[in-house]
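Only one structure is covered here, and it is reproduced in the block below.
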There are 2 protein chains.
Amino acid sequence: MGETIQSVERAAAILRLLAGRRLGVAELARATALPKGTLHGILRTLVHVGFVEQDAATGKYRLGATLLHLGSSYLDVNELRARSLNWADGLAGRSRESVWIGTLHEGQVLVIHHVFRPDDSMQILQVGAYLPARTTALGKVLLAHDPYEESGGDELDLVRSRGWAADLEELEEGEVSLAAPIKDPSGVVVGAIGIRGALERLTRDGEVDMRYVSYVREAARAITRDLAR
Amino acid sequence: MGETIQSVERAAAILRLLAGRRLGVAELARATALPKGTLHGILRTLVHVGFVEQDAATGKYRLGATLLHLGSSYLDVNELRARSLNWADGLAGRSRESVWIGTLHEGQVLVIHHVFRPDDSMQILQVGAYLPARTTALGKVLLAHDPYEESGGDELDLVRSRGWAADLEELEEGEVSLAAPIKDPSGVVVGAIGIRGALERLTRDGEVDMRYVSYVREAARAITRDLAR
DNA sequence: CACGATGTTCGACAATGCCGAACGCTCGGG
DNA sequence: CCCGAGCGTTCGGCATTGTCGAACATCGTG
(Lines give C-alpha, C1' and ligand atoms only; values in the text may rest on other atoms or scores of the structure.)
Protein backbone atom coordinates (compact mmCIF):
# COMPACT_ATOMS: atom_id res chain seq x y z
CA MET A 1 0.00 0.00 0.00
CA GLY A 2 1.29 3.41 -0.94
CA GLU A 3 1.68 6.62 0.94
CA THR A 4 -1.05 8.30 2.90
CA ILE A 5 -1.94 11.96 3.34
CA GLN A 6 -0.63 13.26 6.62
CA SER A 7 -3.21 15.91 7.43
CA VAL A 8 -6.18 13.70 6.63
CA GLU A 9 -4.83 10.91 8.77
CA ARG A 10 -4.29 13.34 11.62
CA ALA A 11 -7.81 14.66 11.23
CA ALA A 12 -9.16 11.12 11.46
CA ALA A 13 -7.11 10.47 14.58
CA ILE A 14 -8.59 13.58 16.16
CA LEU A 15 -12.12 12.45 15.36
CA ARG A 16 -11.48 9.08 16.95
CA LEU A 17 -10.10 10.74 20.06
CA LEU A 18 -13.19 12.90 20.28
CA ALA A 19 -15.53 9.90 20.12
CA GLY A 20 -17.78 10.07 23.14
CA ARG A 21 -16.11 12.98 24.96
CA ARG A 22 -15.12 16.61 24.81
CA LEU A 23 -11.45 17.54 24.59
CA GLY A 24 -9.56 20.81 24.38
CA VAL A 25 -6.68 21.69 22.09
CA ALA A 26 -4.19 21.19 24.87
CA GLU A 27 -5.56 17.77 25.77
CA LEU A 28 -5.42 16.72 22.14
CA ALA A 29 -1.87 18.05 21.88
CA ARG A 30 -0.84 15.80 24.72
CA ALA A 31 -2.62 12.78 23.29
CA THR A 32 -1.21 13.16 19.78
CA ALA A 33 2.17 14.75 20.52
CA LEU A 34 1.44 17.45 17.94
CA PRO A 35 2.00 21.18 18.31
CA LYS A 36 -1.03 23.15 19.41
CA GLY A 37 -0.92 25.33 16.34
CA THR A 38 -1.07 22.37 13.99
CA LEU A 39 -3.98 20.89 15.87
CA HIS A 40 -5.84 24.13 15.82
CA GLY A 41 -5.61 24.31 12.04
CA ILE A 42 -7.07 20.84 11.63
CA LEU A 43 -9.77 21.52 14.21
CA ARG A 44 -10.74 24.75 12.50
CA THR A 45 -11.19 22.84 9.26
CA LEU A 46 -13.18 20.07 10.92
CA VAL A 47 -15.44 22.66 12.50
CA HIS A 48 -15.87 24.32 9.13
CA VAL A 49 -17.09 21.10 7.51
CA GLY A 50 -19.35 20.28 10.45
CA PHE A 51 -17.52 17.19 11.64
CA VAL A 52 -16.62 18.88 14.92
CA GLU A 53 -18.37 21.46 17.06
CA GLN A 54 -16.86 23.78 19.60
CA ASP A 55 -18.49 24.31 22.93
CA ALA A 56 -19.21 28.02 23.11
CA ALA A 57 -18.77 28.15 26.88
CA THR A 58 -15.66 26.06 27.54
CA GLY A 59 -13.93 26.22 24.15
CA LYS A 60 -13.61 22.45 24.09
CA TYR A 61 -14.30 20.41 20.99
CA ARG A 62 -16.78 17.59 20.42
CA LEU A 63 -18.03 15.61 17.42
CA GLY A 64 -20.45 17.37 15.10
CA ALA A 65 -23.90 16.59 13.79
CA THR A 66 -22.74 15.93 10.24
CA LEU A 67 -21.05 12.78 11.49
CA LEU A 68 -24.33 11.45 12.80
CA HIS A 69 -25.82 11.74 9.36
CA LEU A 70 -22.80 10.23 7.62
CA GLY A 71 -22.84 7.34 10.05
CA SER A 72 -26.45 6.58 9.37
CA SER A 73 -25.74 6.86 5.65
CA TYR A 74 -23.33 4.00 6.08
CA LEU A 75 -26.29 1.82 7.04
CA ASP A 76 -28.17 2.76 3.89
CA VAL A 77 -25.47 1.22 1.73
CA ASN A 78 -24.79 -1.76 3.95
CA GLU A 79 -25.96 -4.84 2.10
CA LEU A 80 -26.04 -7.07 5.15
CA ARG A 81 -28.18 -4.67 7.08
CA ALA A 82 -30.64 -4.13 4.24
CA ARG A 83 -31.21 -7.85 3.76
CA SER A 84 -31.48 -8.51 7.48
CA LEU A 85 -34.22 -6.04 8.35
CA ASN A 86 -37.22 -8.25 7.66
CA TRP A 87 -35.73 -11.39 9.13
CA ALA A 88 -34.73 -9.58 12.30
CA ASP A 89 -38.29 -8.46 12.88
CA GLY A 90 -39.51 -11.99 12.35
CA LEU A 91 -37.01 -13.34 14.84
CA ALA A 92 -38.05 -10.73 17.38
CA GLY A 93 -41.67 -11.75 16.92
CA ARG A 94 -41.01 -15.46 17.34
CA SER A 95 -38.58 -15.22 20.23
CA ARG A 96 -40.15 -12.19 21.88
CA GLU A 97 -36.63 -11.00 22.73
CA SER A 98 -34.47 -8.16 21.45
CA VAL A 99 -32.59 -8.97 18.26
CA TRP A 100 -29.07 -7.85 17.40
CA ILE A 101 -27.03 -7.98 14.21
CA GLY A 102 -23.32 -7.23 14.28
CA THR A 103 -20.06 -7.33 12.35
CA LEU A 104 -16.51 -7.67 13.53
CA HIS A 105 -14.74 -4.33 13.37
CA GLU A 106 -11.40 -3.48 14.94
CA GLY A 107 -11.64 -6.48 17.23
CA GLN A 108 -15.04 -5.58 18.57
CA VAL A 109 -18.64 -6.23 17.61
CA LEU A 110 -20.14 -3.29 15.76
CA VAL A 111 -23.93 -3.33 16.11
CA ILE A 112 -25.53 -2.55 12.75
CA HIS A 113 -29.11 -3.41 13.63
CA HIS A 114 -31.11 -3.70 16.80
CA VAL A 115 -34.77 -4.59 17.27
CA PHE A 116 -36.26 -3.90 20.65
CA ARG A 117 -37.95 -6.61 22.63
CA PRO A 118 -41.66 -6.53 21.80
CA ASP A 119 -43.93 -4.93 24.40
CA ASP A 120 -41.08 -3.49 26.37
CA SER A 121 -40.22 0.14 26.48
CA MET A 122 -37.26 1.98 27.99
CA GLN A 123 -34.57 0.37 25.86
CA ILE A 124 -31.84 2.48 24.35
CA LEU A 125 -30.81 1.98 20.80
CA GLN A 126 -27.39 0.42 20.37
CA VAL A 127 -26.80 0.74 16.63
CA GLY A 128 -23.28 1.98 16.06
CA ALA A 129 -22.11 0.89 19.49
CA TYR A 130 -19.30 -1.57 20.11
CA LEU A 131 -19.89 -4.71 22.14
CA PRO A 132 -17.04 -6.78 23.57
CA ALA A 133 -16.20 -9.74 21.34
CA ARG A 134 -15.26 -12.34 23.93
CA THR A 135 -18.23 -12.06 26.26
CA THR A 136 -21.14 -11.91 23.82
CA ALA A 137 -22.65 -14.59 21.64
CA LEU A 138 -22.38 -12.32 18.60
CA GLY A 139 -18.69 -11.79 19.26
CA LYS A 140 -17.96 -15.47 19.79
CA VAL A 141 -19.57 -16.39 16.50
CA LEU A 142 -17.63 -13.68 14.67
CA LEU A 143 -14.31 -14.52 16.30
CA ALA A 144 -14.77 -18.24 15.66
CA HIS A 145 -15.02 -17.55 11.93
CA ASP A 146 -12.51 -14.72 11.74
CA PRO A 147 -9.81 -15.65 9.21
CA TYR A 148 -7.28 -13.44 11.00
CA GLU A 149 -7.91 -14.99 14.40
CA GLU A 150 -5.87 -18.18 14.72
CA SER A 151 -6.81 -20.94 17.14
CA GLY A 152 -9.41 -19.20 19.25
CA GLY A 153 -9.38 -21.92 21.88
CA ASP A 154 -11.69 -24.83 22.65
CA GLU A 155 -14.83 -22.74 23.07
CA LEU A 156 -14.50 -21.04 19.71
CA ASP A 157 -13.74 -24.38 18.05
CA LEU A 158 -17.00 -25.69 19.46
CA VAL A 159 -18.84 -22.60 18.25
CA ARG A 160 -17.49 -23.09 14.76
CA SER A 161 -18.31 -26.78 14.57
CA ARG A 162 -21.82 -26.66 15.97
CA GLY A 163 -22.78 -23.39 14.29
CA TRP A 164 -23.97 -21.22 17.19
CA ALA A 165 -22.72 -19.51 20.33
CA ALA A 166 -24.09 -18.61 23.73
CA ASP A 167 -23.10 -16.19 26.47
CA LEU A 168 -24.43 -17.07 29.90
CA GLU A 169 -24.27 -13.99 32.11
CA GLU A 170 -20.79 -13.17 30.83
CA LEU A 171 -21.55 -9.57 29.90
CA GLU A 172 -24.34 -8.78 32.33
CA GLU A 173 -25.74 -10.60 35.31
CA GLY A 174 -28.98 -12.42 34.59
CA GLU A 175 -28.63 -11.84 30.86
CA VAL A 176 -28.13 -14.48 28.19
CA SER A 177 -27.36 -14.05 24.51
CA LEU A 178 -27.43 -16.49 21.58
CA ALA A 179 -26.10 -15.99 18.06
CA ALA A 180 -25.42 -17.70 14.73
CA PRO A 181 -23.27 -16.76 11.72
CA ILE A 182 -24.40 -15.06 8.50
CA LYS A 183 -22.38 -15.93 5.39
CA ASP A 184 -21.95 -14.21 2.06
CA PRO A 185 -22.29 -16.11 -1.23
CA SER A 186 -18.65 -17.23 -1.10
CA GLY A 187 -19.14 -18.77 2.34
CA VAL A 188 -17.25 -16.13 4.32
CA VAL A 189 -18.89 -15.09 7.58
CA VAL A 190 -19.77 -11.41 7.24
CA GLY A 191 -21.90 -10.96 10.34
CA ALA A 192 -23.94 -12.58 13.05
CA ILE A 193 -27.51 -12.36 14.27
CA GLY A 194 -28.65 -13.13 17.77
CA ILE A 195 -31.04 -12.46 20.61
CA ARG A 196 -30.51 -11.28 24.15
CA GLY A 197 -32.79 -11.75 27.13
CA ALA A 198 -33.26 -12.80 30.72
CA LEU A 199 -31.67 -15.99 32.01
CA GLU A 200 -34.99 -17.40 33.20
CA ARG A 201 -36.58 -17.12 29.79
CA LEU A 202 -33.79 -18.41 27.58
CA THR A 203 -32.61 -21.34 29.73
CA ARG A 204 -34.11 -24.41 31.41
CA ASP A 205 -32.34 -26.12 34.31
CA GLY A 206 -29.19 -24.17 33.57
CA GLU A 207 -29.12 -25.30 29.93
CA VAL A 208 -29.87 -23.14 26.91
CA ASP A 209 -33.41 -23.70 25.65
CA MET A 210 -32.82 -25.22 22.21
CA ARG A 211 -36.02 -23.77 20.80
CA TYR A 212 -34.43 -20.31 20.89
CA VAL A 213 -31.28 -21.66 19.29
CA SER A 214 -33.40 -22.94 16.43
CA TYR A 215 -35.08 -19.58 15.97
CA VAL A 216 -31.73 -17.82 15.79
CA ARG A 217 -30.11 -20.35 13.46
CA GLU A 218 -33.10 -20.32 11.14
CA ALA A 219 -32.97 -16.55 10.90
CA ALA A 220 -29.22 -16.67 10.20
CA ARG A 221 -29.70 -19.25 7.45
CA ALA A 222 -32.53 -17.24 5.94
CA ILE A 223 -30.36 -14.11 5.68
CA THR A 224 -27.49 -16.16 4.28
CA ARG A 225 -29.80 -17.49 1.58
CA ASP A 226 -31.06 -13.97 0.96
CA LEU A 227 -27.52 -12.69 0.41
CA ALA A 228 -26.93 -15.38 -2.20
CA ARG A 229 -29.72 -14.13 -4.42
CA MET B 1 -12.51 32.89 10.15
CA GLY B 2 -9.01 31.97 9.16
CA GLU B 3 -7.64 29.60 6.62
CA THR B 4 -8.64 25.99 6.30
CA ILE B 5 -6.68 22.89 5.36
CA GLN B 6 -7.25 21.96 1.76
CA SER B 7 -6.83 18.20 1.89
CA VAL B 8 -9.01 17.79 4.95
CA GLU B 9 -11.76 19.84 3.43
CA ARG B 10 -11.57 17.79 0.26
CA ALA B 11 -11.72 14.58 2.24
CA ALA B 12 -14.87 15.82 3.98
CA ALA B 13 -16.42 16.71 0.64
CA ILE B 14 -15.73 13.20 -0.60
CA LEU B 15 -17.38 11.68 2.45
CA ARG B 16 -20.47 13.79 1.94
CA LEU B 17 -20.64 12.74 -1.69
CA LEU B 18 -20.40 9.12 -0.67
CA ALA B 19 -23.32 9.43 1.76
CA GLY B 20 -25.85 6.81 0.82
CA ARG B 21 -24.26 5.55 -2.40
CA ARG B 22 -21.22 3.97 -4.00
CA LEU B 23 -19.05 6.03 -6.31
CA GLY B 24 -15.91 5.34 -8.30
CA VAL B 25 -12.84 7.53 -8.61
CA ALA B 26 -13.94 8.74 -12.04
CA GLU B 27 -17.41 9.69 -10.82
CA LEU B 28 -15.93 11.57 -7.89
CA ALA B 29 -13.52 13.31 -10.25
CA ARG B 30 -16.43 14.58 -12.29
CA ALA B 31 -18.37 15.70 -9.22
CA THR B 32 -15.49 17.53 -7.59
CA ALA B 33 -13.54 18.68 -10.65
CA LEU B 34 -10.37 17.28 -9.14
CA PRO B 35 -7.73 15.17 -10.88
CA LYS B 36 -8.15 11.44 -10.46
CA GLY B 37 -4.71 11.10 -8.95
CA THR B 38 -5.46 13.61 -6.23
CA LEU B 39 -8.71 11.89 -5.39
CA HIS B 40 -7.07 8.54 -5.22
CA GLY B 41 -4.59 9.75 -2.65
CA ILE B 42 -7.33 11.04 -0.40
CA LEU B 43 -9.41 7.91 -0.88
CA ARG B 44 -6.46 5.71 -0.04
CA THR B 45 -6.03 7.59 3.21
CA LEU B 46 -9.73 7.44 4.03
CA VAL B 47 -9.70 3.70 3.43
CA HIS B 48 -6.66 3.39 5.67
CA VAL B 49 -8.42 5.08 8.58
CA GLY B 50 -11.61 3.10 8.03
CA PHE B 51 -13.83 5.99 7.00
CA VAL B 52 -14.27 4.52 3.53
CA GLU B 53 -14.39 0.98 2.21
CA GLN B 54 -13.71 -0.21 -1.30
CA ASP B 55 -15.92 -2.76 -2.96
CA ALA B 56 -13.67 -5.68 -3.80
CA ALA B 57 -15.67 -6.60 -6.90
CA THR B 58 -16.38 -3.28 -8.58
CA GLY B 59 -13.60 -1.12 -7.15
CA LYS B 60 -16.10 1.53 -6.16
CA TYR B 61 -15.96 3.30 -2.84
CA ARG B 62 -18.54 3.55 -0.04
CA LEU B 63 -18.60 4.84 3.52
CA GLY B 64 -16.89 2.73 6.17
CA ALA B 65 -17.96 1.21 9.43
CA THR B 66 -15.85 3.54 11.55
CA LEU B 67 -18.18 6.37 10.58
CA LEU B 68 -21.15 4.51 11.98
CA HIS B 69 -19.44 4.33 15.32
CA LEU B 70 -18.30 7.95 15.26
CA GLY B 71 -21.81 9.04 14.37
CA SER B 72 -23.32 7.19 17.27
CA SER B 73 -20.62 8.63 19.51
CA TYR B 74 -21.97 12.04 18.64
CA LEU B 75 -25.19 11.08 20.36
CA ASP B 76 -23.35 10.10 23.52
CA VAL B 77 -22.12 13.65 23.99
CA ASN B 78 -25.28 15.35 22.82
CA GLU B 79 -26.79 17.06 25.83
CA LEU B 80 -30.21 17.52 24.29
CA ARG B 81 -30.51 13.89 23.40
CA ALA B 82 -29.36 12.66 26.79
CA ARG B 83 -31.90 14.81 28.63
CA SER B 84 -34.70 13.90 26.25
CA LEU B 85 -34.54 10.13 26.48
CA ASN B 86 -36.84 9.62 29.45
CA TRP B 87 -39.34 12.26 28.44
CA ALA B 88 -39.59 10.84 24.94
CA ASP B 89 -40.52 7.44 26.28
CA GLY B 90 -43.16 9.03 28.48
CA LEU B 91 -44.63 10.91 25.56
CA ALA B 92 -44.72 7.73 23.49
CA GLY B 93 -46.55 5.97 26.29
CA ARG B 94 -49.17 8.69 26.71
CA SER B 95 -49.80 9.39 23.04
CA ARG B 96 -49.25 5.83 21.83
CA GLU B 97 -47.58 7.30 18.76
CA SER B 98 -44.00 7.38 17.55
CA VAL B 99 -41.91 10.19 19.04
CA TRP B 100 -39.24 12.20 17.23
CA ILE B 101 -36.64 14.67 18.44
CA GLY B 102 -34.75 16.78 15.94
CA THR B 103 -32.41 19.73 15.45
CA LEU B 104 -31.98 22.10 12.56
CA HIS B 105 -28.87 21.23 10.60
CA GLU B 106 -27.94 22.56 7.19
CA GLY B 107 -31.48 23.63 6.54
CA GLN B 108 -32.98 20.25 7.31
CA VAL B 109 -34.24 18.44 10.37
CA LEU B 110 -31.65 16.05 11.75
CA VAL B 111 -33.35 13.30 13.76
CA ILE B 112 -31.39 12.69 16.95
CA HIS B 113 -33.89 10.45 18.71
CA HIS B 114 -36.77 8.27 17.63
CA VAL B 115 -39.08 6.13 19.73
CA PHE B 116 -41.20 3.60 17.90
CA ARG B 117 -44.95 3.57 18.29
CA PRO B 118 -45.80 1.16 21.09
CA ASP B 119 -47.07 -2.26 19.99
CA ASP B 120 -46.13 -1.73 16.39
CA SER B 121 -43.33 -3.51 14.71
CA MET B 122 -41.81 -3.09 11.27
CA GLN B 123 -40.66 0.49 11.71
CA ILE B 124 -37.22 1.50 10.55
CA LEU B 125 -35.06 3.61 12.74
CA GLN B 126 -34.58 7.15 11.52
CA VAL B 127 -31.91 8.50 13.85
CA GLY B 128 -29.32 10.34 11.79
CA ALA B 129 -31.70 10.84 8.87
CA TYR B 130 -32.72 14.22 7.50
CA LEU B 131 -36.38 15.22 7.30
CA PRO B 132 -37.58 18.13 5.17
CA ALA B 133 -38.00 21.30 7.21
CA ARG B 134 -41.01 22.85 5.54
CA THR B 135 -43.35 19.86 5.50
CA THR B 136 -42.90 18.47 8.99
CA ALA B 137 -44.06 19.79 12.33
CA LEU B 138 -40.53 19.43 13.73
CA GLY B 139 -39.15 21.49 10.89
CA LYS B 140 -41.75 24.22 11.18
CA VAL B 141 -41.03 24.66 14.87
CA LEU B 142 -37.30 24.85 14.23
CA LEU B 143 -37.60 27.24 11.30
CA ALA B 144 -39.99 29.48 13.20
CA HIS B 145 -37.37 29.99 15.90
CA ASP B 146 -34.31 29.98 13.69
CA PRO B 147 -32.41 33.25 14.20
CA TYR B 148 -30.94 33.05 10.70
CA GLU B 149 -34.31 32.58 9.02
CA GLU B 150 -35.94 35.96 8.52
CA SER B 151 -39.69 36.37 8.10
CA GLY B 152 -40.75 32.79 7.61
CA GLY B 153 -44.23 33.78 6.50
CA ASP B 154 -47.60 33.78 8.18
CA GLU B 155 -47.63 30.11 9.11
CA LEU B 156 -44.28 30.27 10.90
CA ASP B 157 -45.34 33.45 12.68
CA LEU B 158 -48.35 31.57 13.98
CA VAL B 159 -46.18 28.65 15.03
CA ARG B 160 -43.90 30.96 16.95
CA SER B 161 -46.68 32.81 18.70
CA ARG B 162 -48.80 29.85 19.74
CA GLY B 163 -45.87 27.57 20.56
CA TRP B 164 -46.56 24.48 18.46
CA ALA B 165 -46.75 23.30 14.85
CA ALA B 166 -48.68 20.72 12.87
CA ASP B 167 -48.25 19.05 9.51
CA LEU B 168 -51.43 17.63 8.02
CA GLU B 169 -50.54 15.11 5.32
CA GLU B 170 -47.84 17.41 3.99
CA LEU B 171 -45.07 14.85 4.01
CA GLU B 172 -47.03 11.64 3.62
CA GLU B 173 -50.64 10.93 2.79
CA GLY B 174 -52.74 10.05 5.81
CA GLU B 175 -49.96 11.04 8.21
CA VAL B 176 -50.01 13.89 10.70
CA SER B 177 -47.22 15.26 12.84
CA LEU B 178 -47.19 17.66 15.80
CA ALA B 179 -44.22 19.34 17.48
CA ALA B 180 -43.16 21.92 20.08
CA PRO B 181 -39.87 23.72 20.73
CA ILE B 182 -37.19 22.81 23.26
CA LYS B 183 -35.14 25.72 24.64
CA ASP B 184 -31.78 25.91 26.33
CA PRO B 185 -31.25 27.87 29.55
CA SER B 186 -30.72 31.12 27.63
CA GLY B 187 -34.04 30.75 25.82
CA VAL B 188 -32.67 29.78 22.44
CA VAL B 189 -34.52 26.98 20.67
CA VAL B 190 -32.08 24.08 20.33
CA GLY B 191 -34.45 21.37 19.17
CA ALA B 192 -37.99 20.16 18.86
CA ILE B 193 -39.96 17.16 20.03
CA GLY B 194 -43.02 15.79 18.34
CA ILE B 195 -45.18 12.82 17.44
CA ARG B 196 -46.27 11.38 14.14
CA GLY B 197 -49.25 9.16 13.41
CA ALA B 198 -52.32 8.43 11.35
CA LEU B 199 -54.72 11.22 10.43
CA GLU B 200 -57.72 9.42 11.94
CA ARG B 201 -56.08 9.13 15.34
CA LEU B 202 -54.59 12.62 15.72
CA THR B 203 -57.46 14.68 14.32
CA ARG B 204 -61.20 15.09 14.88
CA ASP B 205 -63.44 16.55 12.19
CA GLY B 206 -60.42 17.77 10.28
CA GLU B 207 -59.01 19.63 13.29
CA VAL B 208 -55.99 18.63 15.34
CA ASP B 209 -56.99 16.87 18.56
CA MET B 210 -55.77 19.28 21.23
CA ARG B 211 -55.13 16.52 23.74
CA TYR B 212 -52.16 15.41 21.67
CA VAL B 213 -50.93 18.97 21.39
CA SER B 214 -50.92 19.15 25.17
CA TYR B 215 -48.94 15.94 25.48
CA VAL B 216 -46.32 17.24 23.08
CA ARG B 217 -46.06 20.70 24.61
CA GLU B 218 -45.80 19.28 28.12
CA ALA B 219 -42.96 17.01 27.06
CA ALA B 220 -41.19 19.93 25.39
CA ARG B 221 -41.53 22.09 28.51
CA ALA B 222 -40.30 19.25 30.70
CA ILE B 223 -37.14 18.85 28.64
CA THR B 224 -36.62 22.62 28.59
CA ARG B 225 -36.82 22.65 32.39
CA ASP B 226 -34.46 19.68 32.52
CA LEU B 227 -31.87 21.51 30.41
CA ALA B 228 -31.96 24.44 32.84
CA ARG B 229 -30.83 22.34 35.76
C1' DC C 1 -2.94 40.13 41.65
C1' DA C 2 0.18 37.24 39.34
C1' DC C 3 0.49 32.89 37.70
C1' DG C 4 -0.49 29.02 34.88
C1' DA C 5 -3.64 27.23 32.05
C1' DT C 6 -6.43 27.73 28.13
C1' DG C 7 -7.59 28.71 22.84
C1' DT C 8 -5.79 31.50 19.20
C1' DT C 9 -2.79 34.03 15.68
C1' DC C 10 1.12 34.63 12.76
C1' DG C 11 5.05 34.26 9.45
C1' DA C 12 9.06 31.75 7.60
C1' DC C 13 10.56 27.54 5.95
C1' DA C 14 10.53 23.26 3.43
C1' DA C 15 8.27 19.26 3.55
C1' DT C 16 4.14 17.91 1.78
C1' DG C 17 0.61 16.76 -1.00
C1' DC C 18 -0.84 18.23 -5.61
C1' DC C 19 -1.11 17.44 -10.46
C1' DG C 20 -1.17 15.31 -15.16
C1' DA C 21 0.53 11.96 -17.92
C1' DA C 22 1.20 7.20 -18.32
C1' DC C 23 0.19 2.44 -16.68
C1' DG C 24 -2.42 -2.06 -16.46
C1' DC C 25 -6.77 -3.84 -16.45
C1' DT C 26 -11.66 -5.11 -17.51
C1' DC C 27 -15.39 -4.75 -20.20
C1' DG C 28 -18.47 -4.62 -24.33
C1' DG C 29 -19.21 -3.68 -29.19
C1' DG C 30 -17.78 -4.25 -33.80
C1' DC D 1 -11.47 -11.97 -31.63
C1' DC D 2 -9.58 -7.56 -31.26
C1' DC D 3 -9.84 -2.97 -30.36
C1' DG D 4 -10.94 1.09 -27.70
C1' DA D 5 -13.11 3.36 -24.01
C1' DG D 6 -13.59 3.28 -19.54
C1' DC D 7 -11.97 2.08 -15.11
C1' DG D 8 -8.66 2.30 -10.75
C1' DT D 9 -3.90 2.95 -9.95
C1' DT D 10 1.11 4.53 -10.01
C1' DC D 11 4.75 7.84 -10.34
C1' DG D 12 7.98 11.90 -10.04
C1' DG D 13 8.78 16.95 -10.47
C1' DC D 14 7.29 21.30 -8.92
C1' DA D 15 5.45 24.77 -5.92
C1' DT D 16 1.82 25.14 -3.28
C1' DT D 17 0.48 23.82 1.19
C1' DG D 18 0.50 22.79 5.68
C1' DT D 19 3.55 22.54 9.42
C1' DC D 20 5.88 24.40 13.31
C1' DG D 21 7.08 27.17 17.54
C1' DA D 22 6.97 31.32 19.57
C1' DA D 23 4.14 35.06 20.88
C1' DC D 24 -0.70 36.62 21.85
C1' DA D 25 -5.17 37.39 24.40
C1' DT D 26 -8.04 35.53 27.72
C1' DC D 27 -9.74 33.13 31.42
C1' DG D 28 -10.00 31.10 36.07
C1' DT D 29 -7.54 30.40 40.30
C1' DG D 30 -4.53 30.01 44.26
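By convention in this document, chain letters (A, B, ...) are assigned in the order of the sequence lines, proteins followed by strands, and residues within each chain are numbered from 1.
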Show me the donor-acceptor pairs within less than 3.5 Å that the side chains of residues 33-41 of chain A make with the rest of the protein, sequence neighbours left out.
none

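Summarising the geometry, the separation between CZ on Arg30(A) and C1' on dG4(C) is reported as 12 Å, rounded to the nearest angstrom. Glu3(A) places its CD atom 11 Å from the P atom of dC11(D), with the value rounded to the nearest Å.
Residues that satisfy the side chain to side chain donor-acceptor pair (under 3.5 Å) test with Ser98(B), not counting sequence neighbours, are Trp100(B). For Arg10(A), the side chain to side chain donor-acceptor pair (under 3.5 Å) test picks out no residue, with sequence neighbours left out. Qualifying ring pair (Phe, Tyr, Trp, His ring centres under 6.0 Å) partners for His69(A), counting only residues two or more places apart in sequence or in other chains: Tyr130(B). A search for salt bridge (Lys or Arg N to Asp or Glu O under 4.0 Å) contacts involving Glu53(B) returns Arg62(B), not counting sequence neighbours. Taking the side chain to side chain donor-acceptor pair (under 3.5 Å) definition, one finds that Tyr74(A) meets it with Asn78(A), sequence neighbours left out. Applying the ring pair (Phe, Tyr, Trp, His ring centres under 6.0 Å) rule to Trp164(B) yields no partners; only residues at least two apart in sequence or on another chain are considered. Take Arg160(A) and apply the side chain to side chain donor-acceptor pair (under 3.5 Å) test, not counting sequence neighbours, and it matches Asp157(A).
For the contact set between residues 49-66 of chain A and DNA chain C, defined by any heavy atom under 4.0 Å, the members are Gln54(A), Gly59(A), Tyr61(A). Residues of residues 20-29 of chain A that place a heavy atom closer than 4.0 Å to DNA chain C, in numerical order, are Gly24(A), Val25(A), Ala26(A).
For residues 136-146 of chain A, every residue pair satisfying the salt bridge (Lys or Arg N to Asp or Glu O under 4.0 Å) rule, not counting sequence neighbours, is listed here: Lys140(A)-Glu155(A), Lys140(A)-Glu170(A).
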* Per-nucleotide protein contact string for nucleotides 17-30 of chain D (B base, S sugar-phosphate only, - none; heavy atom under 4.0 Å) -> SSSBB---------
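Considering only side-chain N and O atoms, Arg44(B) lies nowhere under 4.0 angstrom from the phosphate OP1 or OP2 of dC11(D). Listed pair His40(B) / dG8(D) fails the phosphate criterion, with no side-chain N or O lying under 4.0 Å from OP1 or OP2.
Side-chain atoms of His114(B) come within 3.5 Å of backbone atoms of Gln126(B) as a donor-acceptor pair (strictly under, hydrogens ignored).
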